[in-house]
Amino acid sequence: MVGSAILRRLIAEGGHDVITATRAECDLTDQSAVRDFMQANRPEMVIIAAAKVGGIIANDTQPAHFIHDNLMIASNLIHQAHAAGVQQLIQLGSSCIYPGDAAQPIREDALLTGPLEPTNEPYAIAKIAAIKLCESYNRQFGRDYRSLMPTNLYGPGDNFHPQNSHVLPGLMQRFSDAARLDHPSVTLWGTGKPRREFLHVDDLADAVLFVMGLDQKSYANATKPMQSHLNVGTGRDIAISALAQMVSEVTGFRGKTITDPSKPDGTPRKLLDVSVMTSLGWQAKIDLREGIARTFHWYCAQQEAGQRLRAS
């Protein structure tokens, strides 16, 4: 999802010679494969959008996969970029790097000030390690490796798997199916009270290119030398129950929404402080309801395309 959005934006902007690779062409968890790819292509700049991601269920049931794959991706790409002489790099993390009880909205300097939320701790540790890798290569070798920490993302290309998706695409898939099958109700995990912030992936792509275009002095002035990462979000959050209502309206579901308090809520609130990015001149543009509608339109198109393919 993220890589595709950045690629669309780079192509639309023009003037870039973009180098990409599918998983089959370069397994990012394979050190030798990444080394060979970097040495063969010698990019001028690297944007790391690849990651193993998922929602509460996926994180809770696959902790070894989440910490291993994400550690390997970050370690291989950052080190091999350095070995290939890449001076500029941007790696994307996640708001889950912050303590579960961090003061809201969460500032960048909340990193490593308390325990992580247990359900996604393995993933978060891998993403924190990636930030520290960038900081360390900057400090030791004078590289310009930057880290962006986006809030919860959604948009075209998202994962709509019933068990492994994040909350918004998961809700979209379930409400859409319920509307199509005329189900009387949809059940939400947890109480519906937790609040979350959501950023459309096209806004993140815009933020990546914005930060990529900042000169090194501007970026350094915005971040602390030993904590060089920036939050990327909208600065606004919404209760999961209200989000579910919004998704139900967009998908045309007319039944009841039921909560299941026996299931975990996760962190009560997770809102990023985006004042640093705002001060630099960037802010999100896509309204949440508009973004959900656009994503649902894409989702429906994909479903229809899949049905036509199966029919043929």
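Numbers for residues simply follow the sequence, beginning at 1.
- Taking CZ of Phe198 as the reference point, atom OH of Tyr154 lies at 9.0 Å (rounded to 0.5 Å).
- In this structure, His229 and Tyr98 have tilted ring planes: the angle between them lies in the 30° to 60° band.
- In this structure, Arg23 places its CZ atom where only 12 or fewer heavy-atom neighbours from other residues, nucleotides or ligands lie under 6.0 Å away.
- Rounding to the nearest 0.5 Å gives a distance of 12.0 Å between NE2 of His65 and CG of Asn70.
- Aromatic pair Phe141/His82: ring centres closer than 6.0 Å.
- Across Tyr299, Phe253, Phe160, a single residue satisfies ring-ring contact (aromatic ring centres under 6.0 Å, His included) together with Phe175, and that is Phe253.
- Gln216 CD to Gln88 CD: the interatomic distance, rounded to the nearest 0.5 Å, is 7.5 Å.
- More than 12 heavy-atom neighbours from other residues, nucleotides or ligands sit within 6.0 angstrom of CD on Gln39.
- Between Arg195 and Leu271, every side-chain heavy-atom pair lies at or beyond the 4.5 Å cut-off.
- Heavy-atom contacts from other residues, nucleotides or ligands closer than 6.0 Å to CD of Gln87 number more than 12.
- Remark: Arg294 engages Asp202 in a salt bridge, criterion side-chain N to carboxylate O under 4.0 Å.
- Not one N or O on the side chain of Gln91 forms a donor-acceptor pair closer than 3.5 Å with the backbone of Ile78.
- Of the candidates Ile67, Val34, Leu28, Thr29, Met72 forms a side chain to side chain contact (heavy atoms under 4.5 Å, CB included) with just one, namely Thr29.
- Residues Thr257 and Ser241 are not in side-chain contact: their nearest non-hydrogen atoms beyond the backbone lie 4.5 Å or more apart.
- Defined by atom type and a distance below 3.5 Å, a donor-acceptor pair is missing between the side-chain atoms of Trp298 and Asp158.
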Before giving the answer on side chain to side chain donor-acceptor pair (under 3.5 Å), spell out for Thr191 and Asp265 the whole-Å C-alpha distance, their side-chain angles and the decisive distance to 0.1 Å.
-> CA-CA 7 Å; Thr191 64; Asp265 271 339; 2.8 Å; yes
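- Atom CE of Met1 is separated from atom CD1 of Ile6 by 10.5 Å, given to the nearest 0.5 angstrom.
- Between the Thr259 side chain and the Leu188 main chain, no donor and acceptor come within less than 3.5 Å of each other.
- Between Val86 and Glu44, the closest side-chain pair of non-hydrogen atoms is not below 4.5 Å.
- For the 3.5 Å distance criterion, the side chains of Ser218 and Asn221 fail to qualify, holding no donor opposite an acceptor.
- In this structure, Asn152 and Val167 have side chains that are not in contact, with every pair of non-hydrogen atoms separated by 4.5 Å or more.
- The side-chain heavy atoms of Pro156 and Val201, taken from C-beta on, include a pair separated by under 4.5 Å.
- A heavy-atom distance below 4.5 Å is found between the side chains of Val46 and Pro43.
- Note that the OG atom of Ser94 and the NZ atom of Lys270 stand 5.5 Å from one another [nearest 0.5 Å].
- Using a 4.0 Å cut-off between charged side-chain N and carboxylate O, Arg269 and Asp237 make a salt bridge.
- Using a 4.0 Å cut-off between a side-chain N of Lys or Arg and a carboxylate O of Asp or Glu, Arg289 and Asp287 do not qualify as a salt bridge.
- Between Tyr123 and Phe66, the ring planes lie perpendicular to each other; the angle is over 60°, past the 30° to 60° tilted range.
- Considering only heavy atoms from C-beta on, Val232 stays 4.5 Å or farther from Val274 through its side chain.
- Distance check: Asn120 CG to Asp60 CG gives 10.0 Å after rounding to the nearest 0.5 Å.
- Residues Ile238 and Arg196 are not in side-chain contact: their nearest non-hydrogen atoms beyond the backbone lie 4.5 Å or more apart.
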